[in-house]
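Here's the structure we're looking at; comments come further down.
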Amino acid sequence: MNEPSFAHFRRRLCALVAASGLAVTAHAQVASPDVLRAQQAVQQAQDADADHYAPDLIDSARQALVRAQAGTLSRSRGQRREADELARQAAADADLARVRSDRAQAEAAVQQRRDEIADLRRSLGLEATP
């Protein structure tokens, strides 16, 4: 019969090397949980219009997130730890920006309702209450 060819080993070896390379690349591209959390927090702050109500905080969060994302690609364990710390800081800044934005929007809505009530009282000829 036919004896096994070394070509089969070569193809399998190439496939194994390619699969290993893909696995290493995929592992390097997986963000840490802290970075993922920071990305979500920044997105939520943007959705809450933090660019308008808390621009300094959201800018700080974005900058920290970019540095954290860059640090996660490092081979240095210390830089990856620093990236996680930056990601936690970015998440905290983004959360604070979102909360401040939500608060400012709520206060604006309350003030608008107060103004509407005052206008209605004037149109009805009622005295304004203190």
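Heavy atoms only: backbone and side chains are in, while hydrogens, waters and symmetry mates are out.
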Sidechain-backbone polar pair: S101 side chain, R98 backbone, donor-acceptor under 3.5 Å: no
Euclidean distance, Y53 OH relative to I58 CD1, rounded to 0.5 Å: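 Here the rounded value is 14.5 Å.
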Between CZ on residue R103 and CD on residue Q105, distance to nearest 0.5 Å: 13.0 Å
List the atom of [X], the atom of [Y], and the distance in Å for their closest heavy-atom pair.
X: T72; Y: V35; result: CG2-CG2, 3.5 Å
X: A64; Y: A90; result: CB-CB, 3.7 Å
X: A45; Y: A97; result: CB-CB, 4.4 Å
X: A61; Y: A94; result: CB-N, 3.7 Å
X: A87; Y: A68; result: N-CB, 3.7 Å

Step-by-step side chain to side chain donor-acceptor pair (under 3.5 Å) determination, D59 to Q63: CA-CA 6 Å; D59 286 342; Q63 290 171 8; 6.0 Å; no
Side chains of Q69 and Q39 in contact at under 4.5 Å (non-hydrogen atoms):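 Q69 vs Q39: side chains touch.
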Non-hydrogen side-chain atoms of Q112 and E116 separated by less than 4.5 Å: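 A side-chain contact exists here, since the closest heavy-atom pair is under 4.5 Å.
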Any pair with a residue in [range] that passes salt bridge (charged side-chain N to carboxylate O under 4.0 Å, His left out), sequence neighbours left out, goes on the list, sorted by first then second residue, please.
range: residues 33-42; result: D34-R88, R37-D95
range: residues 72-82; result: none
range: residues 41-57; result: D51-R62

Salt bridge (Lys or Arg N to Asp or Glu O under 4.0 Å) against [X], all qualifying residues, sequence neighbours excluded:
X: D84; result: none
X: R67; result: none
X: D119; result: R122

